[in-house]
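Here is how names work: the chains are called A, B, and so on, in the same order as the sequence lines, proteins then strands, and each is numbered from 1.
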Number of protein chains: 2
Amino acid sequence: MGARGSDPSNDGAGRDAPLGRRERSRRRTLAELKAAALDEVREVGAPALALRSVARRAGMSPAGLYRYVESRDGLLTLLIADSYDDLADHLDAAIGRPPAGGGDAPPTVPDIADHDAGPATRMTAVALAYRAWAVGHPHEFGLIFGDPVPGYVAPAQGPTTTAMGRVGLALATPVIEAYEAGRLTIPPAMAATDLDEAVRPMEALAPDLPSELYLLLLTMWGRLHGQVSLEVFGHHAWLFPDGCEPLYRADVAALAADLGLEAAVDRPGARTGASTAT
Amino acid sequence: MGARGSDPSNDGAGRDAPLGRRERSRRRTLAELKAAALDEVREVGAPALALRSVARRAGMSPAGLYRYVESRDGLLTLLIADSYDDLADHLDAAIGRPPAGGGDAPPTVPDIADHDAGPATRMTAVALAYRAWAVGHPHEFGLIFGDPVPGYVAPAQGPTTTAMGRVGLALATPVIEAYEAGRLTIPPAMAATDLDEAVRPMEALAPDLPSELYLLLLTMWGRLHGQVSLEVFGHHAWLFPDGCEPLYRADVAALAADLGLEAAVDRPGARTGASTAT
DNA sequence: AACCATACGCGAACATCGTTCGCACTTCTA
DNA sequence: TAGAAGTGCGAACGATGTTCGCGTATGGTT
């Protein structure tokens, strides 16, 4: 049933195994296919992605696609995984971490990679990077964070799950650093003791933190995500036809204040870089 | 081009105009069609909604649908408008306002309609109603707040726009009341003066408020929405397979604290559960 | 060097989908 | 009562996702 081949035991990002010519060719075509599909998604959106159309774009017959892809949903799943990774790379760059995969090119110039910058500045940098990626890749953002495919559940330990972990960790890193430096104020409302268990899986990403901090990180993500999501999906267009960056910056500043991070973001000259995003 | 008929001059919610038999029949069928479509959406999700399937469900031929509906997207647009209104009704009920349309039945038992309750309590009530509706109607939530249809833009002054306004106003009401009672602390980060212009359209919903307050309301909505959105779209399922209500309650409590609303939510008997729930 | 299992790609086909068209039938209006 | 307008249906068109079976080229093996 379709998508056969490709020795699964030798799949992870390039051991030095010989990787015969066939396998290389296969991966190249798959990459072309994904690129064509991504172009298509960027133009017409995910729900309108037509398998036949990406086949045309790739100069292949519709039936031929099924040698590389399980189905239309399978292709979308691949795109979702790639999008996750792309977002994670951008966020990592914003906090000065090198991209994970054997990346082709640095996704963006590291915004404020300087670990000596204040926690508020670093937190602002990731937050702005989150928004910048979303605004710059609205369809991919929708792929990841929009309506889930009805039946689909991300396989645990699958590539999307790990990439999602990278995203969460990148967002969390500045706050965790602030906590470890003793410069973070955890709001008292986060001391809900009955959530200790639920939050346990997060230890796999960042071990040995108090559970209130895990909660705080979750709510922080939600706060940023909500604003970005409303903007990207067009629910703020009637107020901010030219983009919500000012609103977002104000919210991030308020978040920094709520977290007790010093408010050094606005000092003259300390631009956080994304100020001219399209 | 389909969907003709229905004298547009007599469309608003029931003047006492005679409303001939034909028009009544027409509205009834349209309602049945929308109900069938909504059932379908609830089962298979919006992207998989098949026009022929709702026709089957309604006992009508596929072609017949086009007497009532412009196209598949047109039908979805109708569902979106209805969903907006349903959400708005639920929120209105949570703050003790009667539903707008000649509603058939009260959507929920008003949670805390008592205007004498503290602002934090009332704010918590709407916030919880927002989440409750979303979790209870995930597909409709996705319809409203998920991937927008690529080409679609809500017509200004259209029904969806006004319903959206109702949603925003319901969410804002407790905070506005708190402001007018002098019991609200506006975070200083909201004093970004260059947003006065952008925020002007909001005066149509709630006039004569300082622009920092409009900004605060927007960020509050985003904060709540992000959490709900992440939950409904399944991005928290790995942590909270049984629902994120505890996390959400903690976040709302933190929000109330950030807004300086009194923390009377926890007084014995009121029990929002964020401290010692279950 | 010869060989053959395997991967690859394609054309044709099927069921289903959204949508249009023309025709019958019913209901309202003049 | 005659004509106009609304309502519904069957058939059809183009496009989609997917499967099947056929050739062909390729890579590793003897």
Side-chain angles (χ1 to χ4, degrees), chain A residues 1-8 10 17-33 36-37 40-41 44-79 149-152, chain B residues 1-8 10 17-33 36-37 40-41 44-79 149-152:
Chain A
M1 1 185 90
R4 28 203 187 289
S6 155
D7 178 12
N10 184 15
L19 199 65
R21 180 140 69 244
R22 218 165 208 169
E23 187 63 19
R24 246 182 310 149
S25 157
R26 178 175 182 80
R27 296 199 185 187
R28 188 158 34 82
T29 6
L30 179 57
E32 284 174 21
L33 255 34
E40 183 89 0
V41 164
V44 300
L49 177 137
L51 218 45
R52 293 180 120 101
S53 180
V54 345
R56 270 191 297 273
R57 215 187 274 256
M60 197 185 267
S61 116
L65 280 189
Y66 283 77
R67 299 284 177 194
Y68 297 88
V69 157
E70 199 176 351
S71 68
R72 180 179 177 275
D73 281 353
L75 176 55
L76 278 176
T77 304
L78 293 182
L79 293 188
V149 184
Y152 181 74
Chain B
M1 2 200 83
R4 31 201 185 287
S6 155
D7 178 12
N10 183 15
L19 200 63
R21 181 143 66 245
R22 217 167 206 168
E23 187 63 17
R24 245 182 310 148
S25 158
R26 178 174 182 80
R27 296 199 183 186
R28 189 158 33 84
T29 345
L30 180 57
E32 285 175 21
L33 254 34
E40 184 90 358
V41 165
V44 301
L49 177 136
L51 218 45
R52 294 180 117 104
S53 179
V54 345
R56 270 192 297 273
R57 214 186 275 256
M60 196 185 267
S61 117
L65 280 190
Y66 283 77
R67 298 288 176 192
Y68 296 88
V69 156
E70 199 176 349
S71 68
R72 180 180 177 275
D73 281 354
L75 176 55
L76 278 176
T77 304
L78 293 182
L79 294 187
V149 185
Y152 180 73

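Within 4.0 Å (heavy atoms only), B/Ala50 reaches sugar-phosphate atoms of the nucleic acid but no base atom.
Looking at the side chain of B/Ala63, the nearest of the listed nucleotides C/dC17, D/dT18, D/dG10 is D/dG10. Listed nucleotides: D/dG17, C/dC8, C/dT19. Nearest to the side chain of B/Ser71: C/dT19.
Nucleotide D/dG10 holds its C1' atom 15 Å from the OH atom of B/Tyr66, rounded to whole Å. Nucleotide D/dG28 holds its P atom 15 Å from the CZ atom of A/Arg26, rounded to whole Å. Here the P atom of nucleotide C/dC17 and the CG atom of A/Leu51 are 18 Å apart, to the nearest Å. Atom pair A/Leu65:CG and C/dC8:P shows a separation of 13 Å (rounding to whole Å applied). Across the protein-nucleic acid pair, B/Arg67 atom CZ and C/dG18 atom P stand 18 Å apart, rounded to whole Å. If you measure from atom CD of A/Glu70 to atom P of D/dG17, you get 16 Å, rounded to the nearest angstrom. A straight line from CG of B/Leu75 to C1' of C/dT19 spans 14 Å, rounded to a whole angstrom. Note: CE (B/Met60) to P (C/dG18) measures 16 Å, nearest angstrom.
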Quiz: residues 49-56 of chain B side-chain donor-acceptor pairs under 3.5 angstrom, not counting sequence neighbours:
residue: B/Ser53; atom: OG; partner: B/Glu40; partner atom: OE1; Å: 3.0
residue: B/Ser53; atom: OG; partner: B/Glu40; partner atom: OE2; Å: 2.7

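Checking each of A/Leu30, A/Leu75, A/Leu78 against A/Tyr68 for a side chain to side chain contact (heavy atoms under 4.5 Å, CB included) leaves exactly one that passes, namely A/Leu30.
The nearest pair of heavy atoms linking A/Met60 to A/Leu65 is SD-N, 3.9 Å. The nearest pair of heavy atoms linking A/Ala46 to A/Leu76 is CB-CD2, 4.4 Å.
Contact of B/Arg52 with C/dG18 (side chain to base): a donor-acceptor pair of N or O atoms is detected under 3.5 Å.
With sequence neighbours excluded, the residues satisfying side chain to side chain contact (heavy atoms under 4.5 Å, CB included) with A/Ser25 are A/Arg28, A/Thr29.
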Take nucleotides 25-30 of chain C nucleotide by nucleotide from the 5' end and write B, S or -, depending on whether a protein heavy atom sits under 4.0 Å from the base, only from the sugar-phosphate, or from neither.
-> -BBS--
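Where A/Gly59 and B/Leu49 each meet DNA chain C at their nearest nucleotide, the meeting point lying more 5' is that of A/Gly59.
OP1 or OP2 of C/dG9 has at least one side-chain nitrogen or oxygen of A/Tyr68 nearer than 4.0 Å.
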